[in-house]
Protein chains: 2
Amino acid sequence: MVSIRDVAKVAGVSHQTVSNVLNTPEIVSEATRERINKAIKLLGYKPNAAARRLRSGHSDVIALGIAPGSDHAPSPIFDSFMHQLAAAAGNDGKKVMLYAKTDQEHDIALFESLQEQSDVDAIVLSGLEDQDARPKWLLEHQQLFALFGRPWNIELDQAGQIPWVDVDGFSGMKEITKRLIEAGRTHIGYVGWEPSTGVATDRYDGWKAALDEAHFDYAANPYELETWTESVEEELGAGLDATATLYERHPDLDAIVCPSDNIAVGALLASSRLTKYAVVDDARNSTIADRPIIVTGFDNSRLARSFAFPSVSQPLDQVADELVRMIREILKGVKVTNEPRWHRLFKPSVVWRDVATHE
Amino acid sequence: MVSIRDVAKVAGVSHQTVSNVLNTPEIVSEATRERINKAIKLLGYKPNAAARRLRSGHSDVIALGIAPGSDHAPSPIFDSFMHQLAAAAGNDGKKVMLYAKTDQEHDIALFESLQEQSDVDAIVLSGLEDQDARPKWLLEHQQLFALFGRPWNIELDQAGQIPWVDVDGFSGMKEITKRLIEAGRTHIGYVGWEPSTGVATDRYDGWKAALDEAHFDYAANPYELETWTESVEEELGAGLDATATLYERHPDLDAIVCPSDNIAVGALLASSRLTKYAVVDDARNSTIADRPIIVTGFDNSRLARSFAFPSVSQPLDQVADELVRMIREILKGVKVTNEPRWHRLFKPSVVWRDVATHE
DNA sequence: TCCAAGACTTTGAACGTTCTGATAGTCTTG
DNA sequence: CAAGACTATCAGAACGTTCAAAGTCTTGGA
């Protein structure tokens, strides 16, 4: 194994100068720097991460918890997020370490072991639950971290001590609903989660805001809302059932907004004769088929692409970059404050897919 | 930060004895061991991973590449695999590090940087392409690794130098097809990828084997095979189209076997009136509806659960455990041989979902 | 001519662990 | 009882880097 001292010997300088070339090249004269770089290349020197960590006290490693599987994943695009985070971290000379996450308690036990091994510099926490003990624990134990997702149970956050990055579900839902209105839709239903959690309420409010802004006036029933359990496993089926019920009450529906692609597929299937895929030359529905119902989803996952319905796309690359930026700053010792730079809300973008043109 | 020497001082022993308690407790007398353990607890000592790595030369870290996103993921259950791997590694005192993977060349550049930093002990490589340069590179550069997935381009493997774990697609497809035969299906079609890659051929052969074994005799056309591009993005749509074509030629089809859940959904939609979700009181199809067509998939992903069709489930926990076991052995210095223990093929299990009972 | 300041480089220590070899002390054996 | 083998422990070196401080050389102003 070739060390910094071998390089120094070849370049005819001291080991420290080599170290300087690697860490603070600007303080080394150009001539020496070039000579050393040549020696580095010649010998194929690669810095030893372990030694670096031991001495400098930080590991440049970010820990990320991963949920058991597709079922309990906070979102169907979590794998995409992981990729983006790994890439963003890599650009910053950092690495992402995976830990298998189960429940809150187990997570905390894990944090405990991570913390003191000087193994991990910071933790990215995602998929927060509404009453989540983890941020509090991390704060108390002075473990650096950043959240993907707002801490909806705000109490803690009074001092603005918790850095987070999130995607503005409200805005996304509002935009895609506005888009439906622009497309001439006049009876736009909502099929989604019971608005008891932060995320659920946020998205529901987005749809409502768009309708209010357009001065929709649904007489007695301003809008219909169907609710069901949060079970992701059953989202599709639940979406289907809820949509069917909604149709019965409002046969004139011409669009349905959903807060997830899974639900959207359910809604799509409930109105299957009217969509791209399920139009099976069924003459009886021709009147409605002329103007097929539009269902929209959220996340722009593979489902949205496959079934070709409009959806809201999260800017995961920006989220990842921002998380890494925050962590970099925190590691540098910058204090987290109430300033907006520690609480970033990214606007998602609407990915429109015109059902008609796809025909 | 509390070190091994602090513990030693409190326990009244030398630092080396503390080290022994941690690494080879059996050579320390029980009395001393207890005393030291008490001191460890008292001081809240946690070993410093960086120092350990520097001295011992290994990091106990396994690197895993992750593809850009849902689109290019080798399988829809990759996130589940990651979780299992992280868990299995954790049980063995190891960690999983993520690296963002793009194409083969870029991957190799990355390996290069990983390799010499004494940052990573071994690499788990998955989603191999048919002509994949990576295993060869890793072998040549003496970077330890193990594959999830067989190296289909076998040349290299002559010496059995490549350790791998895989799931037996052939067996899975055969079993699920047999299950269809047991269920009384007599016209079982196949809609899948063009059998040009290893995986595609493997799965196709499984279906064929089951039919052959049952002495199916499809007169002129023994079986129908529809092919299309491998684009995952378009799998569902392609599956739909191919299935529609197949129906035209074989109106008497009563089952379709697919090598992926995505394709299965396409096939399902093509026969939508006949399925659980799309039965929209359409009297005209009652004769067929009495005995709805069964579509089967592969991976038992969320799609299979949502749409409630039978699928083949991969034992990812076993795969992960086995990969970690292999890596542990390799790190111990055990040479990879031709013995079956270095090339494990796990049998997947059929997850049956009876369309009728779901009605 | 001298000194201070600046630019660059060097020296030695330190990070916390494991490895190597050595030292007592105890047990076996003939 | 002495020699050898084994047990339990210890002391110092080493891993490869960065930190802290000091050293050398050049430059320019007094």
Side-chain angles (χ1 to χ4, degrees), chain A residues 1-37 39-40 43-61 93 115-121 331-333, chain B residues 1-37 39-40 43-61 93 113-121 331-333:
Chain A
M1 169 160 289
V2 36
S3 87
I4 217 174
R5 289 194 140 91
D6 300 322
V7 175
K9 205 171 292 171
V10 169
V13 294
S14 76
H15 68 275
Q16 180 55 37
T17 305
V18 178
S19 174
N20 286 338
V21 168
L22 297 171
N23 297 303
T24 48
E26 65 276 9
I27 71 162
V28 177
S29 76
E30 197 177 322
T32 330
R33 205 188 319 149
E34 261 175 38
R35 197 149 33 94
I36 292 178
N37 277 326
I40 287 179
L43 299 179
Y45 165 81
K46 298 277 158 84
N48 180 304
R52 187 171 267 184
R53 283 180 201 184
L54 172 59
R55 181 65 242 221
S56 68
H58 55 87
S59 61
D60 287 332
V61 168
Q115 184 177 31
E116 315 202 37
Q117 296 199 341
S118 86
D119 221 17
V120 158
D121 280 353
L331 289 179
K332 266 199 251 159
Chain B
M1 168 159 291
V2 35
S3 86
I4 217 174
R5 289 195 140 90
D6 301 321
V7 175
K9 205 173 290 171
V10 169
V13 295
S14 78
H15 67 277
Q16 181 55 37
T17 306
V18 178
S19 174
N20 287 337
V21 168
L22 297 171
N23 297 303
T24 47
E26 66 275 10
I27 72 161
V28 177
S29 77
E30 199 177 320
T32 329
R33 204 189 317 152
E34 261 176 38
R35 198 149 32 94
I36 293 178
N37 278 326
I40 287 179
L43 299 179
Y45 164 81
K46 298 275 158 84
N48 180 303
R52 187 171 267 184
R53 282 179 201 184
L54 172 59
R55 183 65 244 223
S56 68
H58 55 87
S59 61
D60 286 332
V61 167
S113 74
L114 288 183
Q115 185 178 30
E116 315 202 39
Q117 297 198 343
S118 87
D119 222 16
V120 158
D121 280 352
L331 290 179
K332 265 199 253 161

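Proteins come first, then strands; the chains are lettered A, B, ... in the order of their sequence lines, and each starts at number 1.
In this structure, A/Lys9 atom NZ and C/dT9 atom P are separated by 20 Å, rounded to whole Å. Put simply, CG on A/Asn48 is 17 Å from P on C/dT17, counting in whole angstrom units. A straight line from CZ of A/Arg55 to C1' of C/dG12 spans 11 Å, rounded to a whole angstrom. Note: CD (A/Glu30) to P (C/dA7) measures 16 Å, nearest angstrom.
Across all strands, A/Arg5 comes closer than 4.0 Å to base atoms (heavy-atom distances).
Neither side chain, A/Asp119 nor A/Ser59, offers a donor N or O lying under 3.5 Å from an acceptor on the other.
From the 5' end on, the contacts that DNA chain D makes with chain B at under 4.0 Å to a non-hydrogen atom open and close at D/dA8 to D/dG16.
B/Leu54 contributes atom CG, which lies 11.5 Å from atom CZ of A/Arg53 (distance to the nearest 0.5 angstrom). We find the CD1-CG distance between B/Ile4 and B/Asn20 to be 8.5 Å, quoted to the nearest 0.5 Å. Rounding to the nearest 0.5 angstrom, the gap separating the CZ atom in A/Arg5 from the OH atom in A/Tyr45 is 11.5 Å.
Between A/Ile36 and the options A/Leu22, A/Val21, A/Val10, a side-chain contact (heavy atoms from CB on, under 4.5 Å) holds for only A/Val21.
Here the side chain of B/Ser56 pairs a donor or acceptor atom with the backbone of B/Arg52 at under 3.5 angstrom.
Phosphate proximity of C/dT18 to B/Arg52: present, with a side-chain N or O under 4.0 Å from OP1 or OP2.
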>> Under the criterion side-chain contact (heavy atoms from CB on, under 4.5 Å), I'd like the reasoning laid out for B/Asn23 against B/Ser19: C-alpha separation, chi angles, the key distance, then a yes or no.
In response: CA-CA 6 Å; B/Asn23 297 303; B/Ser19 174; 3.3 Å; yes
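For the segment residues 11-20 of chain A, the set of residues with a heavy atom within less than 4.0 Å of an atom of DNA chain D comprises A/His15, A/Gln16, A/Ser19, in numerical order.
Under the Watson-Crick or G-U wobble criterion, with both distances below 3.5 Å, C/dG30 is paired with D/dC1.
At least one side-chain heavy atom of B/Thr17 sits less than 4.5 Å from a side-chain heavy atom of B/Ser14.
Toward the 5′ end of DNA chain D lies the nearest nucleotide of B/Ser29, the other residue of the pair B/Ala51 and B/Ser29 mapping further downstream.
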